[in-house]
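Being a predicted model, the structure only gives us computed values, none of them experimental. Hydrogens, waters and symmetry mates play no part in the numbers below; they use all other heavy atoms, side chains included.
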Amino acid sequence: MRYANITGWGKCLPPAVLSNEDLATFLDTSDEWISTRTGIKERRISHVSTATLASLAGKRALAAAGLDAAELDMVILGTACPDTLIPNAASAVQADIGAINAAVFDLNAACTGFVYGLSIGTAMIRSGAMKKVLVVGADRIPYFLDYTQRDVSVLFGEGAGAVVLEACDEECGLIAEKLGCDGEGRGILAARDSGTIRERFTGIDGFFDVNFEGPEIFKRAVRGMGQAVTSVLEKLALEPEQIDLLIPHQANIRIIETLAKRLKAPPEKVIVNIEKYGNTSAATVPIALCEALETGRIKPGDKILTAAFGAGLTWGAAVIKWGSRVTPLSECGEELPPSDKTALDILMPWIRGCEAALAKKGK
Ligand code: UT7
């Protein structure tokens, strides 16, 4: 039997930090509300493109795997925030990292994009069609937000994470998954005019009509991830106690705690980093996976359960059996181009633009 081991991992967080206090300078909100209702203290805002974040995470993952980019058969970029729709953002990653022999594509399953990508990359390797695949989750949801809406604009941050998958014979890598989507609920988490549905000439530039029904999304996130997790554990005939580590999507600390409770997972078995990065959409799971490895929380042979939920409303869960190596083979010395802009410097044109657009709409 052929498996797809995770042999490399890397992440890329842009340096500009947007704190809760920064948000309170232009929104009617507070650190107290955001911390207690979401668990978020700060998030990152990017001065570079989605593809640049994705490429650096990818290069770091390749270094950790000791692999040359030219050896990759495929690059899957899980993102809802491609820099361009035509061509796809994955082609920019291919060109940047030098994956000259790889098929590449963007995969939009919103926050579940990395888990979907991991499933597809693993299936390509297990079928025998490919040997080496790079799976990246990278998102810049803050680009789409309406900075007059205080419920949604405090939740998201920007970043990227990546893993290298390689064919192997012993049982490891993703060993079971359950993916799905509740399309009938797609309207409750939506940038409704973010594609070709948008009137081309409205006279209002750069404003997205975001619909966000927080409490309903919250309920469905708990239900969707809960069902996916139950189903994937059943497939493997595993009891929740047999899971060594839970790496959940980081959307809200209260969603994470509800899931952990359902799985009877004590805090030491749950990876939480939402306080530092907020919800980075498709990037939360690979970033959290990298941090779990960096802090020694993954041991060879561990069974790791991951679960995610996002716009669509997509959802999924997967069990990963970790291989024998938990340290990188080498490191990538590259960094993002420097920037002296603060997060508020980067966001200010968007904040002012949202206010102006709403004034123009008479709201
Ligand atoms: O990756 C998947 C996508 N996202 C999610 O999964 C997010 C899921 N939803 C959530 O995390 C939560 O629903 C939120 C954090 C968005 C909101 O928390 P909540 O406990 O569901 O609050 P709520 O929407 O029921 O609002 C409670 C109150 C309201 O005030 P009133 O009407 O009770 O006076 C809101 O206006 O909190 C108010 N509120 C705020 N107050 C200060 C909403 N946002 C804020 C804010 N600062 N940023």
Side-chain angles (χ1 to χ4, degrees), residues 1-11 60-67 114-128 130-135 137 161-179 225 228-250 256 259-260 262-273 284-308 316-331:
M1 186 79 135
R2 196 170 148 114
Y3 293 92
N5 193 15
I6 298 179
T7 59
W9 50 90
K11 68 183 197 296
R60 289 172 175 165
L62 286 164
L67 214 67
F114 178 79
V115 177
Y116 269 55
L118 196 60
S119 165
I120 294 167
T122 298
M124 292 304 283
I125 289 176
R126 294 192 69 171
S127 73
M130 291 184 177
K131 291 196 176 77
K132 298 177 203 303
V133 175
L134 179 70
V135 182
V163 296
V164 171
L165 306 179
E166 291 188 68
C168 78
D169 293 326
E170 90 204 57
E171 189 192 47
C172 58
L174 187 154
I175 52 172
E177 73 273 69
K178 175 69 182 173
L179 307 176
M225 286 200 288
V229 156
T230 304
S231 162
V232 83
L233 291 178
E234 271 172 18
K235 266 192 197 181
L236 293 168
L238 280 179
E239 293 301 323
E241 295 77 15
Q242 291 174 277
I243 292 298
D244 299 297
L245 197 65
L246 173 64
I247 303 187
H249 173 47
Q250 311 279 312
I256 295 171
L259 191 66
R262 184 182 281 221
L263 291 164
K264 301 188 197 85
E268 60 273 18
K269 278 194 175 185
V270 187
I271 300 293
V272 177
N273 62 8
T284 63
V285 170
I287 290 172
L289 176 69
C290 287
E291 293 199 337
L293 285 153
E294 287 160 11
T295 52
R297 292 181 69 181
I298 296 181
K299 308 270 176 297
D302 270 358
K303 287 196 190 68
I304 301 167
L305 176 62
T306 184
V319 172
I320 296 161
K321 186 169 174 215
W322 201 261
S324 53
R325 185 165 55 76
V326 291
T327 50
L329 287 178
S330 64
E331 308 227 331

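One distance of note links CG of L305 with CG of L236; it measures 9.5 Å at 0.5 Å rounding. To the nearest 0.5 Å, the span separating CG on L263 from CG on L246 amounts to 6.0 Å. With rounding to the nearest 0.5 Å, the separation of CD1 in I125 from CG in L174 is 11.0 Å. Of the inter-residue distances, the one linking T284 atom OG1 with L289 atom CG reads 11.0 Å to the nearest 0.5 angstrom. Taking CD1 of I271 as the start and CD1 of I287 as the end, the distance is 13.5 Å to the nearest 0.5 Å.
With sequence neighbours excluded, the residues satisfying side chain to side chain contact (heavy atoms under 4.5 Å, CB included) with K303 are L238, I243, D244. For E166, the salt bridge (Lys or Arg N to Asp or Glu O under 4.0 Å) test picks out K132, with sequence neighbours left out. Scored by the side chain to side chain contact (heavy atoms under 4.5 Å, CB included) test, A317 finds A228, V229, V232, A307 as partners (sequence neighbours excluded). The salt bridge (Lys or Arg N to Asp or Glu O under 4.0 Å) test applied to E171 returns K321, not counting sequence neighbours. Judged as a side-chain hydrogen bond (donor to acceptor under 3.5 Å, both in side chains), and not counting sequence neighbours, T306 has no contacts.
Listed here is the closest heavy atom pair of F114 and V163: CZ-CG2, 3.8 Å. Closest non-hydrogen pair, N5 versus C168, comes out as CB-SG, 3.8 Å. In this structure, V115 and A318 approach most closely via the heavy-atom pair CG1-CB, 4.4 Å. Heavy-atom minimum distance, A288 versus I247: CB-CG2, 3.6 Å. The shortest heavy-atom contact between Y3 and D169 is CD1-O, 3.7 Å. In terms of heavy atoms, V133 sits closest to G121 at CG1-CA, 4.0 Å.
Note on residues 231-242: no pairs pass side chain to side chain donor-acceptor pair (under 3.5 Å), not counting sequence neighbours.
With hydrogens and angles ignored, the 3.5 Å screen pairs no side-chain donor or acceptor of R2 with any backbone N or O of R126. Distance alone, capped at 3.5 Å, is enough to place a donor-acceptor pair between the Q250 side chain and the P248 backbone.
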Let me check something: any side-chain donor-acceptor pairs from residues 291-300 under 3.5 Å, sequence neighbours excluded? List them with distances.
| unit_1 | atom_1 | unit_2 | atom_2 | d |
| --- | --- | --- | --- | --- |
| E291 | OE1 | N273 | ND2 | 3.2 |
| E291 | OE1 | K276 | NZ | 3.1 |
| E291 | OE2 | K276 | NZ | 3.3 |
| E291 | OE2 | Y277 | OH | 2.5 |
| E294 | OE1 | K11 | NZ | 3.0 |
| E294 | OE2 | K11 | NZ | 3.0 |
| T295 | OG1 | E291 | O | 2.7 |
| T295 | OG1 | A292 | O | 3.4 |
| R297 | NH2 | E268 | O | 3.0 |
| R297 | NH2 | V270 | O | 3.2 |
| K299 | NZ | G296 | O | 2.7 |

Show every donor-acceptor pair shorter than 3.5 Å between a side-chain atom in residues 323-330 and any protein atom, with sequence neighbours excluded, or say none if there are none.
| unit_1 | atom_1 | unit_2 | atom_2 | d |
| --- | --- | --- | --- | --- |
| R325 | NH1 | A64 | O | 3.2 |
| R325 | NH1 | T327 | O | 2.7 |
| R325 | NH2 | T7 | O | 2.6 |
| S330 | OG | A63 | O | 2.7 |

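Counting heavy-atom neighbours within 6.0 Å of K269 NZ, excluding the residue itself, gives a total above 12.
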